[in-house]
Amino acid sequence: QFLRDGLATLRSDARFRLFLYTQWLGGATLMALPFFVVAASGLGLGVADVGILLGAQTAGALTSNALWGRIGDRFGKLALLQSVGALRLVPPLGALVIFAVVGGLSRIEILVAFAVLFVIIGALVNGMTIGYLGYLMEISPDEKRPAYSAYFNALASPAALLPLLGAAIGDVLSLKAVFITALLAAILQLVFYVRLSHWERR
């Protein structure tokens, strides 16, 4: 009965449905997340460097909280999600740029470039969490907020398995193909955020 109610909500609530689509596309973008470490290792960075990258990701997450909170409070949760969506373009695009120019970079320059990407990754992951929870509460009917949260988490959970698809793409094609797929998903997610904006204005 719970699953039937969730599917009925998906069919009847257009805003909820569009928001779920953006979450699936966000999962497709984050599909590339584990492969940034693989790419860094393949370009000569070692175990100690990976620790630096994870530290950079934590720093990005911590330092971005104030920014995301200010954007969400001043402009709304959808604007916050759109800002995070735009930021999602940077890591896969940055990885592709590093691949393109790696021949002219030293190991330290490669480490710094990846550290910047990991700061951005930390920031966008935190922004995504803050934004999606806040927006989900905004679009949920008062008497059904726990149910909407449960529906959303259940319907969005398959996106967590997308790194398996990323592994298949990387194995069959290349790491570059993984980042290109993530970049295209980020672009499509922004398109759906625009559609959500139009829905809100109506």
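Keep in mind that the numbers below use all heavy atoms, side chains included, and drop hydrogens, waters and symmetry copies. Everything numeric in this text was worked out from a predicted model, so none of it was measured.
Separation of atoms CG (L20) and CG (L18) is listed at 9.5 Å; rounding is to 0.5 Å. Here OH of Y193 is found 4.0 Å from CG of L81. Values are rounded to the nearest 0.5 Å. Rounding to the nearest 0.5 Å places CG of L124 at 9.0 Å from OG1 of T29. In this structure, the separation between OH on Y135 and CD on Q23 is 12.5 Å, given to the nearest 0.5 Å. Atom CE of M137 and atom CG of D142 lie 10.5 Å apart (nearest 0.5 Å). We find the OG1-CG distance between T58 and L53 to be 11.0 Å, quoted to the nearest 0.5 Å.
For E138 against R15, the heavy-atom pair with the smallest separation is O-NH2, 4.5 Å. Listed here is the closest heavy atom pair of L30 and R88: CG-NH1, 3.6 Å. Scanning all heavy atoms of the two residues, the minimum distance from I98 to A113 falls at CD1-CB, 3.7 Å. S41 and V50 make their closest contact through OG-CG2, 4.3 Å (heavy atoms, listed as atom of the first residue, atom of the second, distance). Across all their heavy atoms, M31 and A28 have their closest contact at CB-O, 3.0 Å. Residue S140 comes nearest to Y148 through the heavy atom pair OG-CB, 3.3 Å, listed as atom of the first residue, atom of the second, then distance.
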Please list, one pair per line, the donor and acceptor atoms closer than 3.5 Å that link side chains of residues 64-73 to other protein atoms, with sequence neighbours excluded.
from, atom 1, to, atom 2, distance (Å)
S64, OG, G60, O, 2.9
S64, OG, A61, O, 3.1
S64, OG, W68, NE1, 3.2
N65, OD1, N126, ND2, 2.8
W68, NE1, A123, O, 2.8

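A heavy-atom distance below 4.5 Å is found between the side chains of L89 and L190. Counting heavy atoms from C-beta on, the side chains of Q57 and V119 never come closer than 4.5 Å. Residues S197 and L78 have side chains in contact (heavy-atom distance under 4.5 Å, counting atoms from C-beta outward). Taking 4.5 Å as the limit, some side-chain heavy atom of L136 sits within range of a side-chain heavy atom of F16. Side-chain contact between Y132 and T22 is absent, with no heavy atoms from C-beta onward closer than 4.5 Å. A 4.5 Å side-chain heavy-atom check between D13 and I139 finds every atom pair outside the cut-off. Side-chain contact between D49 and I52: present, with at least one pair of heavy atoms (C-beta onward) separated by less than 4.5 Å. Inter-residue side-chain proximity for Y151 and L10 is flagged as unmet; no heavy-atom pair is nearer than 4.5 Å.
If you chain together hydrophobic residues whose side chains sit under 4.5 Å apart, L184 and W24 fall into the same group. Hydrophobic clustering (ILVMFWY, side-chain heavy atoms < 4.5 Å, transitive): V172 and F35 are in one cluster. By the rule that hydrophobic residues join a cluster once side-chain heavy atoms approach within less than 4.5 Å of another member, L133 and F75 end up as members of one cluster. Linking Ile, Leu, Val, Met, Phe, Trp and Tyr whenever their side-chain heavy atoms come within less than 4.5 Å puts V101 and L175 in one cluster. Linking Ile, Leu, Val, Met, Phe, Trp and Tyr whenever their side-chain heavy atoms come within less than 4.5 Å leaves V194 and V84 in two separate clusters.
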Practice item. Could you give me the CA-CA distance, side-chain angles and deciding distance for F192 and F19, then say whether ring-ring contact (aromatic ring centres under 6.0 Å, His included) is met? Key: CA-CA 8 Å; F192 275 96; F19 184 41; over 10 Å; no

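Classification of the F118-F36 ring pair by plane angle, with boundaries at 30° and 60°, yields perpendicular.
Remark: the backbone N or O of L25 is not paired with any side-chain donor or acceptor of Q189 at under 3.5 angstrom. Judged purely by atom type and a 3.5 angstrom limit, S149 has no side-chain atom pairing as donor or acceptor with the backbone of R145.
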